[in-house]
**Q** 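One structure, pasted below without further comment.
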2 protein chains.
Amino acid sequence: MPQGKPTTVPADGLTTRQRRRRPILAVHTGPGKGKSTAAFGLALRAWNAGWPIGVFQFVKSAKWRVGEEDALTALGEYHAQTGKGAPVTWHKMGEGWSWIQRPGTEADHARDAAEGWEQIKRDLAAESYGLYVLDEFTYPMKWGWVDVDDVVETLGNRPGSQHVVITGRNAHPSLLSAADLVTEMTKVKHPMDAGQKGQKGIEW
Amino acid sequence: MPQGKPTTVPADGLTTRQRRRRPILAVHTGPGKGKSTAAFGLALRAWNAGWPIGVFQFVKSAKWRVGEEDALTALGEYHAQTGKGAPVTWHKMGEGWSWIQRPGTEADHARDAAEGWEQIKRDLAAESYGLYVLDEFTYPMKWGWVDVDDVVETLGNRPGSQHVVITGRNAHPSLLSAADLVTEMTKVKHPMDAGQKGQKGIEW
């Protein structure tokens with residue numbers, strides 16, 4: 001990705017330096033692969049920039065330990081040992097539930113998601129992290145477990161320099177409207193179409 | 001990303017286990033962001049799976065040290081210290097050149113890219129890595145510096161279990177045809193459209 005030049009310079013009274021540092025709200029949506037992986041790739045850049053990283057996983061099974069978790073946790077340990085990079089904190093919303101294998105009732109899931117969002121609000125108010133990865137966070141909004149207007153308002157008013165990336169299909173139009181950066185991942189071809197099974201190291 | 005079920009089971013004589021382990025050729029293309037970041041996110045999964053990772057950067061300036069490089073290099077050091085994860089090797093093709101700031105002549109760039117591809121061929125033959133990230137590798141093919149037919153044939157005949165992900169815009173149709181997994185990243189909204197400058201930790 002080249003550094004690039006803005007196509008327009010807004011009359012917002014900000015200096016280039018201020019504009020450069022303006023925190024980003026990014027959304028990775030669409031039916032293709034790469035939404036979460038690109039968010040975790042972004043976390044590598046944030047780590048290198050020395051920004052504390054908070055990951056909030058909304059719908060992956062807690063039993064399903066994704067590779068990114070071990071790798072980013074290792075980067076957090078590396079930071080603790082060497083001082084390079086940044087700390088990494090990994091939150092799993094409602095440990096033990098998942099939209100894939102649903103133990104618990106829907107009310108349980110809704111409560112877990114709502115509690116997860118309340119934790120994020122507390123962290124935003126406290127400026128706990130430089131980058132928030134809200135992985136698969138579109139789904140609790142889609143299902144009405146978390147109020148999208150509350151999300152848009154809270155993110156719009158977040159203090160300081162806190163970057164946020166939200167992943168998941170079917171992002172709400174209000175969220176897209178509020179976002180600075182929206183990328184849609186489109187599936188062109190997928191090995192499962194040809195009968196291939198998912199595999200460790202690629203799919204998780 | 002759910003593990004999912006194949007929509008069809010091919011009559012290829014492979015067992016499920018064999019089919020699960022079949023190495024993937026993935027292409028991340030399109031004009032949107034996230035092509036490289038998703039590839040580096042995939043590298044986190046590969047690292048956690050214990051697959052040695054070889055990154056080959058084709059067009060980023062060697063002067064422009066991307067955050068992913070420091071973070072993945074740190075994961076390689078962590079592996080060396082703890083035995084967890086996997087080693088990471090980072091190659092920059094033609095150190096010091098870039099398609100953004102072009103020192104050297106086009107003939108220099110073409111030669112560097114061709115030499116880079118020869119190195120990849122040697123590594124594929126030696127089964128040096130479990131995951132190859134060929135970052136921005138579509139461009140040398142587009143510009144005729146690397147022969148796309150040679151790439152497709154070499155990758156099609158690669159031995160063992162070596163996964164490959166290629167990033168960049170304008171992927172050649174022959175490459176897309178050969179790929180198992182193709183994702184197109186589409187720009188829906190970008191902060192540079194609103195006059196925002198790129199920033200460390202987000203763009204690089």
Side-chain angles (χ1 to χ4, degrees), chain A residues 1-4 6-10 16 19-22 24 28 32-34 36-38 40-42 44-49 51 67-68 70-72 74-75 78 84-85 100 163 179-204, chain B residues 1-4 6-10 16 19-22 24 28 32-34 36-38 40-42 44-49 51 67-68 70-72 74-75 78 84-85 100 163 179-204:
Chain A
M1 178 65 205
Q3 296 188 28
T7 50
T8 59
V9 176
T16 295
R19 207 176 289 118
R20 186 184 290 282
R21 292 195 166 173
R22 198 161 48 180
I24 293 280
H28 297 174
K33 289 180 71 75
S36 295
T37 40
F40 292 119
L42 203 59
L44 295 179
R45 294 182 183 163
W47 181 88
N48 190 54
W51 303 345
E68 293 95 330
D70 286 346
L72 282 173
L75 283 175
Y78 183 92
K84 289 183 208 160
I100 300 159
H163 301 271
D180 305 295
L181 172 64
V182 177
T183 304
E184 177 159 315
M185 277 65 172
T186 306
K187 182 184 85 165
V188 177
K189 189 194 277 189
H190 193 287
M192 287 179 196
D193 298 339
Q196 178 139 359
K197 303 270 288 183
Q199 58 188 315
K200 177 171 176 168
I202 296 292
E203 309 287 335
W204 62 87
Chain B
M1 178 65 206
Q3 296 188 29
T7 51
T8 60
V9 176
T16 295
R19 209 174 290 118
R20 187 184 289 282
R21 292 193 166 176
R22 198 161 49 180
I24 292 279
H28 296 174
K33 289 180 71 75
S36 295
T37 39
F40 292 119
L42 204 58
L44 295 180
R45 294 182 184 164
W47 181 87
N48 190 55
W51 302 345
E68 294 94 330
D70 286 346
L72 282 173
L75 283 174
Y78 183 92
K84 288 182 209 161
I100 300 159
H163 301 271
D180 304 294
L181 171 65
V182 177
T183 304
E184 178 160 312
M185 276 68 171
T186 306
K187 182 184 86 165
V188 178
K189 190 195 277 189
H190 194 287
M192 287 180 196
D193 298 339
Q196 178 138 357
K197 304 270 289 182
Q199 57 188 316
K200 177 170 174 166
I202 296 292
E203 309 287 336
W204 62 86

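In what follows, chains carry the letters A, B, and so on, assigned in the order in which the sequence lines appear, proteins first and then strands, with residues in each chain numbered from 1.
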**Q** Would you compute the distance between atom OH of A:Tyr78 and atom CG of B:Leu75 and round it to the nearest 0.5 angstrom?
**A** 9.0 Å

**Q** What option among A:Ala179, A:Ala38, A:Ala49 has the most heavy-atom pairs under 4.5 Å with chain B?
**A** A:Ala38

**Q** Could you report the tightest heavy-atom contact between A:Ala71 and B:Leu44, atom names first, then the distance?
**A** CB-CD2, 3.7 Å

**Q** Looking at B:Lys84, B:Glu184, B:His28, which one has more heavy-atom pairs under 4.5 Å with chain A than the rest?
**A** B:Glu184

**Q** Which heavy atom of A:Asp70 sits nearest a heavy atom of B:Trp47, and at what distance?
**A** O-CZ3, 4.1 Å

**Q** To check you understand the geometry: which heavy-atom pair defines the closest contact between A:Thr183 and B:Lys33, and what is its length?
**A** CG2-O, 3.2 Å

